[in-house]
Amino acid sequence: MTHDASAPVYGSAVTKVEPFGVDHIPETERHGKPSSQFFVWFAAGLNFPIILLGFSAAWFGLSFPAAVTAIVIGAALGSLLMAVMSRMGVRLGVPQQIQARGPLGFFGNFIPVAYINVFAGIGWAAVTVILGGKAFAGLTHMPFWLCAGLLTLIEMVVAVFGYNMINFLQKALTYVLTPLFALITVVAVVRGGSIFHANPDAQGYIGSTGGLVTFGGWFLSFLVAWAPFASDYSRYLPDTPAVITRTAWYTGLGNFVTICWLGILGVVVGGSATSSDSITALHQLAGPFALPALLAVGLSALAQNFLNVYGGAISIQTLKVPVTRSQAVIGICVLAYALSLWGESGTEAKFKVFLNLTAYFIAPFVAVLLLDYYLGGRSDASRIPELYDRSRVLDWGFVAWAGGVAASVPFWQSDFYTGPFSVAHPGAGDLSMFVATGAGAALYLLTYRLKPLWVKGAGETRRTSGEQDRSRTMASRNH
């Protein structure tokens with residue numbers, strides 16, 4: 001019996017394990033609608049951590065209008081970024097992490113991917129498991145370790161099945177979570193909502209400008225942290241101009257609505273929350289409706305961690321670790337679960353530190369990818385084989401990324417480390433992400449026309465068929 005080469009191996013089957021890892025998705029496997037990206041990102045954004053970020057407006061002493069303005073600007077910039085990155089996945093048909101091999105080189109991409117995607121994927125998965133595990137523990141009165149373990153197991157199974165199942169469940173979770181978070185919104189506003197004025201005597205007051213920059217930067221950072229995964233969920237869509245345009249709109253809208261909605265909700269109710277523990281604060285805000293509120297937080301952990309675990313597994317394969325995608329998923333889930341047991345207490349403080357550190361490193365990475373796509377000619381699909389060429393060891397994009405990170409260090413503003421500029425000028429707010437982006441972009445523009453830093457075997461074209469041409473045999477290897 002022969003296999004029809006024009007027939008899809010994977011197609012739109014929801015209950016079939018995805019056979020592709022970091023491979024280029026062939027035309028025969030392209031399927032789905034752009035609207036799927038709205039559900040993927042809308043469901044992922046329906047998360048209690050965004051409400052927690054909104055709580056901080058009163059701590060900074062911001063007025064209600066200033067806080068809302070900061071959230072809208074941060075959400076708009078981040079959503080625009082996600083929209084553009086999602087377009088790249090449709091055009092190129094490869095994960096975002098593989099795209100980064102273009103400007104950084106095959107091995108030059110290892111360090112940023114190892115930190116940005118693997119470390120961040122495990123860390124974000126752990127943070128979300130903590131919140132979801134606490135919510136289900138409060139809901140069922142079972143021990144935290146058991147609730148967190150069950151959540152992790154569900155995430156692991158779904159991420160092993162992969163792309164189609166994730167898209168299917170994100171759409172289902174959108175319909176389940178939206179009314180639950182709407183209930184949280186109504187109850188929380190009625191029970192403790194308030195609109196407040198600027199307060200220079202607030203504990204975290206650093207001036208109206210500095211507070212607005214830092215506070216808005218947190219919401220931008222939340223979406224910047226997703227940027228290295230944006231193409232992962234659009235790379236199967238058909239590569240047509242109409243699909244590319246609509247994908248961008250749906251991606252941007254899905255992110256913008258949830259960030260603004262929950263961020264502003266956090267601002268409204270933040271002044272009435274008397275506990276620094278997220279789940280305790282939720283109990284206080286929801287009152288007699290605490291059970292559906294806890295259910296919403298628990299289920300939302302799944303919506304976010306499907307993406308964290310799946311994207312982290314793709315990142316591990318990008319590093320050429322000799323494991324299948326399924327094995328990488330299992331490894332990430334085990335590490336995230338262990339980390340969640342360690343970080344169960346003091347979650348909010350750890351979350352904000354982690355949010356800052358990921359954004360500082362991701363911002364210049366994203367800047368280099370975007371510039372390479374639009375100025376460096378990476379949008380040309382005929383250059384996709386370069387992304388799998390091992391001989392392209394190191395390119396100038398790595399220098400641009402590393403230089404961007406280094407330039408931002410004096411501006412860091414975190415409990416982990418505060419740079420000398422931030423110590424001397426706290427009223428300027430946290431400028432680190434913007435400095436990193438600007439420096440990385442400038443270095444890229446200065447170097448992108450230069451010859452690659454290191455090409456192994458000059459004049460020899462070496463292409464790794466183990467990724468690019470493995471599409472038909474991946475199904476058996478991933479089971």
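Hydrogens, waters and symmetry mates play no part in the numbers below; they use all other heavy atoms, side chains included.
M165 is not listed as a side-chain neighbour of V17, based on a closest heavy-atom distance of 4.5 Å or more. Here the side chains of I25 and F20 are in contact, with some heavy-atom distance below 4.5 Å. At least one side-chain heavy atom of Q304 sits less than 4.5 Å from a side-chain heavy atom of W226. Between L299 and L302 there is a side-chain heavy-atom pair separated by less than 4.5 Å. Here the side chains of L173 and F306 are in contact, with some heavy-atom distance below 4.5 Å. Side-chain contact between R101 and Y388 is present, with heavy atoms from C-beta onward closer than 4.5 Å. A heavy-atom distance below 4.5 Å is found between the side chains of Y417 and V409. Side-chain contact between P452 and V455 is present, with heavy atoms from C-beta onward closer than 4.5 Å.
In terms of modelled atom types and a separation under 3.5 Å, the side chain of R325 and the main chain of A313 share no donor-acceptor contact. No donor-acceptor pair closer than 3.5 Å links the side chain of N305 to the backbone N or O of E155. Judged by distance alone, with hydrogens and angles left aside, the side-chain atoms of H24 form no donor-acceptor pair with the main-chain N or O of V94 at under 3.5 Å. Side-chain N or O atoms of Q37 include none that pairs as donor or acceptor with a backbone N or O of P34 at under 3.5 Å. Side-chain N or O atoms of N255 include none that pairs as donor or acceptor with a backbone N or O of L253 at under 3.5 Å. Looking at S36, its side chain never comes within 3.5 Å of a backbone N or O of G32 through a donor-acceptor pair. Remark: the backbone N or O of V40 is paired with a side-chain donor or acceptor of Q170 at under 3.5 angstrom. In this structure, T128 contributes its side chain and A301 its backbone to no donor-acceptor pair below 3.5 Å. Of the possible donor and acceptor atoms, one in the side chain of S231 sits under 3.5 Å from a partner among the backbone N and O of M85. Judged purely by atom type and a 3.5 angstrom limit, N47 has no side-chain atom pairing as donor or acceptor with the backbone of P49.
Note on D395 versus R392: salt bridge recorded, some NZ/NE/NH1/NH2 to OD/OE distance being below 4.0 Å. For the pair E29 and K16, the salt-bridge criterion is not met [side-chain N within less than 4.0 Å of a carboxylate O]. Ion pair D239/R30 not flagged as a salt bridge, since none of the NZ, NE, NH1 or NH2 atoms sits closer than 4.0 Å to an Asp/Glu carboxylate oxygen.
To the nearest 0.5 Å, the span separating OG on S300 from CD1 on I184 amounts to 8.0 Å. Note that the OH atom of Y373 and the CZ atom of R87 stand 6.5 Å from one another [nearest 0.5 Å]. To the nearest 0.5 angstrom, D430 atom CG is 14.0 Å from F215 atom CZ. Between atom CG of residue L151 and atom CZ of residue F144 there is a gap of 9.0 Å, rounded to the nearest 0.5 Å. Taken to the nearest 0.5 Å, the CG atom of D389 stands 7.5 Å off from the CD atom of E386. In this structure, N164 CG and L169 CG are separated by 11.0 Å, a value rounded to the nearest 0.5 Å.
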### Task
Assess whether side-chain contact (heavy atoms from CB on, under 4.5 Å) is satisfied between I111 and F398, documenting all intermediate values.
CA-CA 9 Å; I111 294 178; F398 175 82; 4.1 Å; yes
### Task
Give the C-alpha distance, both sets of side-chain angles, the deciding distance and a yes or no for ring-ring contact (aromatic ring centres under 6.0 Å, His included) between F411 and F434.
CA-CA 10 Å; F411 299 85; F434 307 104; over 10 Å; no
### Task
Could you check T185 against W261 for side chain to side chain donor-acceptor pair (under 3.5 Å), going step by step and ending with a plain yes or no?
CA-CA 9 Å; T185 300; W261 171 13; 2.9 Å; yes
### Task
Kindly indicate, with the supporting measurements, whether the criterion ring-ring contact (aromatic ring centres under 6.0 Å, His included) is fulfilled by F222 and F219.
CA-CA 5 Å; F222 193 89; F219 292 90; 8.2 Å; no
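The 12-atom threshold is exceeded at CZ of F181, counting heavy atoms of other residues, nucleotides or ligands nearer than 6.0 Å. Within 6.0 Å of atom CZ in F110, more than 12 heavy atoms from other residues, nucleotides or ligands are found, so the atom counts as buried in its surroundings.
Of the candidates L335, N308, I316, I122 forms a side chain to side chain contact (heavy atoms under 4.5 Å, CB included) with just one, namely L335.
A donor atom on one side chain and an acceptor atom on the other are not found under 3.5 Å apart for Y448 and D372. Checked by atom type, the side-chain pair Q413/Y360 shows no donor-acceptor distance below 3.5 Å. Side chain to side chain, W412 and S408 meet the donor-acceptor criterion of an N or O pair below 3.5 Å. Side chain to side chain, Q97 and S315 meet the donor-acceptor criterion of an N or O pair below 3.5 Å.
Here the shortest heavy-atom pairing between A75 and C260 reads CB-SG, 3.7 Å. F161 and V14 make their closest contact through CD2-O, 4.3 Å (heavy atoms, listed as atom of the first residue, atom of the second, distance).
Proximity of the aromatic rings of W41 and Y233 is defined here by a centroid distance below 6.0 angstrom, and this criterion is met. Here the two rings, on Y310 and Y163, have centers that are 6.0 Å apart or farther.
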